[in-house]
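Side chains included, hydrogens not; waters and symmetry mates left out as well; all remaining heavy atoms used. All residue numbers refer to positions in the sequence shown, counting from 1.
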Amino acid sequence: MSVKVKREMNGTIYRMEVKGGPAGGDYFSVTGDIFPVDKPKEGVCGAVGKELLEAFPWAKPLVDLHLSDNSGVPMHAAENGWYWAGGTEWNSPSQNDPPNSFHLASHLRIPQEDADDIVRKVALKEMDKAEFKAFVEAQRPRWGQEAEQANTTIRSHFEIPEVGRELEQRMGRRLTA
């Protein structure tokens, strides 16, 4: 299940589909398409959340949690984070390869300065994988708060399908702040 919204603005159609939390699904997902009104086969589609914010600025808490589980935890948080921190054998000097503090900050939703510090520590062997995992685990309360904010955003902008109510019953709690 998912919830959808559409808006026309300045000759452009913006369509957004949201999954996760009370919208249904096991993880947050924000996808959509953007195209000129008169040229529906031209445009962009897929994981275009940042572009969708132009038409739906209120959706930022949802876009931020794209591919995070319903508790707000990023997909494979520790493993993907360790990869971006430069902790694997896959390091490369290429701009978009690890170590990459920009991608690390984006993935874990942490300040850029913290990501820079982690990448430095991993490179200097001042942080091992166990310490990195402990750092990731310490983010769970904040991620949970972000998920609650996303759930509140979903509830305030969409009519929730029955599957969202069923999920709440199974979890024994309401999926809002």
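- At a threshold of 4.5 Å between side-chain heavy atoms, the hydrophobic network of Ile, Leu, Val, Met, Phe, Trp and Tyr places Leu65 and Leu67 in two separate groups.
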Subject >> Working for ring pair (Phe, Tyr, Trp, His ring centres under 6.0 Å), residues Trp143 and Phe28 >> reply: CA-CA 12 Å; Trp143 290 334; Phe28 289 96; over 10 Å; no

Original post:
Run the side chain to side chain contact (heavy atoms under 4.5 Å, CB included) check on Asn91 and Asp97 step by step: do they pass?
Top reply: CA-CA 7 Å; Asn91 294 346; Asp97 289 340; over 6 Å; no

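- The backbone N or O of Asn96 lies less than 3.5 Å from no partner atom in the side chain of Ser94, so there is not a single donor-acceptor pair.
- When ring centroids are compared, His103 and Trp84 come within the 6.0 Å threshold.
- Looking only at side-chain heavy atoms (C-beta outward), Val30 and Met16 come within less than 4.5 Å of each other.
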**OP:** Take Arg7 and Thr12, measure what side-chain hydrogen bond (donor to acceptor under 3.5 Å, both in side chains) needs, and give me the verdict at the end.
**Re:** CA-CA 8 Å; Arg7 179 176 182 195; Thr12 302; over 6 Å; no

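- At least one donor-acceptor pair under 3.5 Å links the side chain of Glu131 to the backbone N or O of Asp128.
- The shortest heavy-atom contact between Pro61 and Ala150 is O-CB, 3.9 Å.
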Subject >> Step-by-step side chain to side chain contact (heavy atoms under 4.5 Å, CB included) determination, Met75 to Ser68 >> reply: CA-CA 5 Å; Met75 182 184 293; Ser68 295; over 6 Å; no

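- Clustering ILVMFWY residues whenever any of their side-chain heavy atoms sit less than 4.5 angstrom apart, transitively, puts Phe158 in the very cluster that holds Phe56.
- Ion pairing between a basic and an acidic side chain is recognised when a charged N comes within 4.0 Å of a carboxylate O; Glu126 and Arg120 show such pairing.
- Atom CZ of Phe35 is surrounded by more than 12 heavy atoms from other residues, nucleotides or ligands within 6.0 Å.
- Judged by distance alone, the side chain of Asn100 and the main-chain N or O of Gln95 form a donor-acceptor pair under 3.5 Å.
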Original post:
Yes or no on side chain to side chain contact (heavy atoms under 4.5 Å, CB included) for Val48 and Asp33, after CA distance, side-chain angles and deciding distance?
Top reply: CA-CA 7 Å; Val48 292; Asp33 49 10; 6.0 Å; no

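- Lys129 and Glu79 are joined by a salt bridge, as a carboxylate oxygen and a charged side-chain nitrogen come within less than 4.0 angstrom of each other.
- A donor-acceptor contact shorter than 3.5 Å is absent between the side chain of Ser106 and the backbone of Phe102.
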**OP:** Output, in order, the C-alpha distance, side-chain angles, deciding distance and verdict of side chain to side chain contact (heavy atoms under 4.5 Å, CB included) for Ile34 and Leu52.
**Re:** CA-CA 8 Å; Ile34 304 167; Leu52 289 167; 3.9 Å; yes

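- Counted within 6.0 Å of CG on Asp38, heavy atoms from surrounding residues, nucleotides or ligands total more than 12; the atom is thus considered enclosed.
- No path of Ile, Leu, Val, Met, Phe, Trp and Tyr side chains, each step under 4.5 Å between heavy atoms, connects Leu124 with Trp82, placing them in separate hydrophobic clusters.
- Shown here for Pro99 and Gly86, the closest heavy-atom pair between the two residues is CB-CA, 3.7 Å.
- Of the inter-residue distances, the one linking Ser29 atom OG with Glu17 atom CD reads 7.0 Å to the nearest 0.5 angstrom.
- Within the 3.5 Å criterion, the main-chain N or O of Val73 finds no donor-acceptor partner in the side chain of Ser71.
- A salt bridge links Arg142 with Glu146: the closest approach of a Lys/Arg side-chain nitrogen to an acidic carboxylate oxygen falls below 4.0 angstrom.
- A distance-only check finds a donor-acceptor pair linking the side chain of Asn151 to the backbone of Ala147 [under 3.5 Å].
- Between the NZ atom of Lys60 and the CG atom of Asp64 there is a distance of 3.5 Å, given to the nearest 0.5 Å.
- Cluster annotation: Val44 and Val37 are assigned to distinct hydrophobic clusters (Ile/Leu/Val/Met/Phe/Trp/Tyr, side-chain heavy-atom contacts under 4.5 Å, transitive).
- If you chain together hydrophobic residues whose side chains sit under 4.5 Å apart, Tyr27 and Leu62 never meet in one group.
- Although no hydrogens or angles enter the test, the distance criterion places no donor-acceptor pair under 3.5 Å between the side chain of Asn70 and the main chain of Gly20.
- Note: Trp58 and His157 have parallel aromatic rings, judged against thresholds of 30 and 60 degrees for the angle between ring planes.
- Contact annotation: the side chain of Ile110 approaches that of Ile118 to within less than 4.5 Å [non-hydrogen atoms, C-beta and beyond].
- For Ala115 against Ser101, the heavy-atom pair with the smallest separation is CB-O, 3.3 Å.
- Just one of Lys6, Glu54, Glu8 meets the side chain to side chain donor-acceptor pair (under 3.5 Å) condition when paired with Tyr14; it is Glu54.
- Among all heavy-atom pairs drawn from Leu53 and Ala59, the shortest one is CD2-C, 3.7 Å.
- Although no hydrogens or angles enter the test, the distance criterion places a donor-acceptor pair under 3.5 Å between the side chain of Gln139 and the main chain of Phe135.
- The closest side-chain heavy-atom distance from Asp69 to Asp26 is not below 4.5 Å.
- Closest approach of Ala77 to Val136, counting heavy atoms only: CB-CG1, 3.8 Å.
- Contact detail for Ala47 and His66: the closest heavy-atom pair is CB-NE2, 3.8 Å.
- Atoms NZ and OG, from Lys19 and Ser2 in turn, are 6.0 Å apart once rounded to the nearest 0.5 Å.
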